[in-house]
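Throughout, a chain's letter reflects where its sequence line sits, starting with A, and its residues are numbered from 1. Quick caveat: nothing in here was measured; it's all calculated off a predicted structure.
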Amino acid sequence: MKLTESFYIRKNVPLIARQMLGKVLTTKINQQVTSGIIVETEAYSYKEKGSHAFKGMTKRNEVMFELGGRAYVYLCYGMHEMFNVVTNEAGKADAVLIRALEPVLGIEIMQERMKANASARITSGPGKLTKALGIDRKLNGEDLKKNIIWIEDPGIKIKPAAIACSARIGIDYAGEDALLPWRFSIKGNKWISKK
DNA sequence: TACGTGATCACG
DNA sequence: GTGATCACGTAA
């Protein structure tokens, strides 16, 4: 069943990011269903310099300031769409970046979408999984309770010992906050993004 | 390691 | 208006 507000609207964003491992992200776009198990995430809090929300609200990040349980999608490096889940209550702009998935449904559809750059590991990275699942900025602000993009709990329990945590990737600009161990992944999973 | 790529944001 | 920068991916 779908995750509800009681999951998303909590204060502890690293905890939410960790608990998102093993959940299933699904999109239904143009009647095409694609999904994957979340195997790598990163937490971002408005209180630390790694977050887009650290300096306050802008046109780009305004959905981060809405109530938890929505999609925050933005363009990075002029070519990659990035998908985040907004968490916490309105005004407290926390988010979890989904960095990698293990494909489950619609694998052929994903391969078709990735055709231009045919790689075997179609969902192993934040820019790739959005393309594979058809996620783009049109979904910015989309409510995850609806039937376009959502996350379900398949009831798989991930043991604490099976979770790796480390510093987040690609945020050197955040100074000492770049060292926070807020990147989580399922140990040994083949679909984790490359180093 | 290098660079494509274009929106965004902090300056004036 | 302008310019530096960017929560990446790929080729090499």
Practice task
Could you state the atom-to-atom distance from CD of A:E81 to C1' of B:dA7 in whole Å?
Solution key: 11 Å
Completion exercise
Atom CG of A:D172 and atom P of C:dC8 are separated, to the nearest Å, by 10 Å
Practice task
Using whole Å, report how far CG of A:L97 lies from P of C:dC8.
Solution key: 8 Å
Exercise for the section: Specify the residue among A:R137 and A:H80 whose closest nucleotide of DNA chain B lies further upstream toward the 5′ end. Expected result: A:H80
Handout entry: Per A:K128 side chain, nearest of listed nucleotides B:dA7, C:dT10, B:dC9
Key = C:dT10
Practice task
Just call it for A:R168: base, sugar-phosphate, or nothing, with non-hydrogen atoms closer than 4.0 Å on any strand.
Solution key: nothing
Exercise for the section: Check the distance between C:dC6's P and A:K55's NZ and give it to me in whole angstrom. Expected result: 9 Å
Problem - Distance in angstrom units between A:M82 CE and C:dA7 C1', rounded - result: 4 Å
Exercise for the section: Tell me whether the centres of the aromatic rings in A:H52 and A:Y74 are closer together than 6.0 Å. Expected result: yes
Handout entry: Atom pair distance, as rounded to whole Å: NZ in A:K49 and C1' in C:dA7
Key = 16 Å
Exercise for the section: Could you tell me whether A:E42 and A:R99 have a side-chain N and a carboxylate O separated by less than 4.0 Å? Expected result: yes
Exercise for the section: Examine the side chains of A:K55 and A:N61 and answer whether a donor and an acceptor come within less than 3.5 Å of each other. Expected result: no
Practice task
Decide, applying a 5.5 Å centre-distance limit and a 30° plane-angle limit (both strict), whether A:Y44 stacks on C:dA7.
Solution key: yes
Problem - Length of the OH-P vector between A:Y77 and C:dC6, whole Å - result: 7 Å
Problem - Sugar-phosphate, base or nothing in reach of A:G127, heavy atoms under 4.0 Å - result: sugar-phosphate
Practice task
Using a strict cut-off of less than 4.0 Å between a Lys/Arg side-chain nitrogen and an Asp/Glu carboxylate oxygen, indicate whether A:K49 and A:E176 qualify as a salt bridge.
Solution key: yes
Exercise for the section: Measure the spacing between CD of A:Q32 and CG of A:L133 and express it to the nearest 0.5 Å. Expected result: 11.0 Å
Practice task
Answer yes or no: does a side-chain N or O of A:R99 lie under 4.0 Å from OP1 or OP2 of C:dA7?
Solution key: no
Problem - Whole-Å distance separating the CD1 atom of A:I171 from the P atom of C:dT5 - result: 17 Å
Practice task
State the pairing partner of B:dT8; accept Watson-Crick or G-U wobble contacts with both distances under 3.5 Å, and report none otherwise.
Solution key: C:dA4
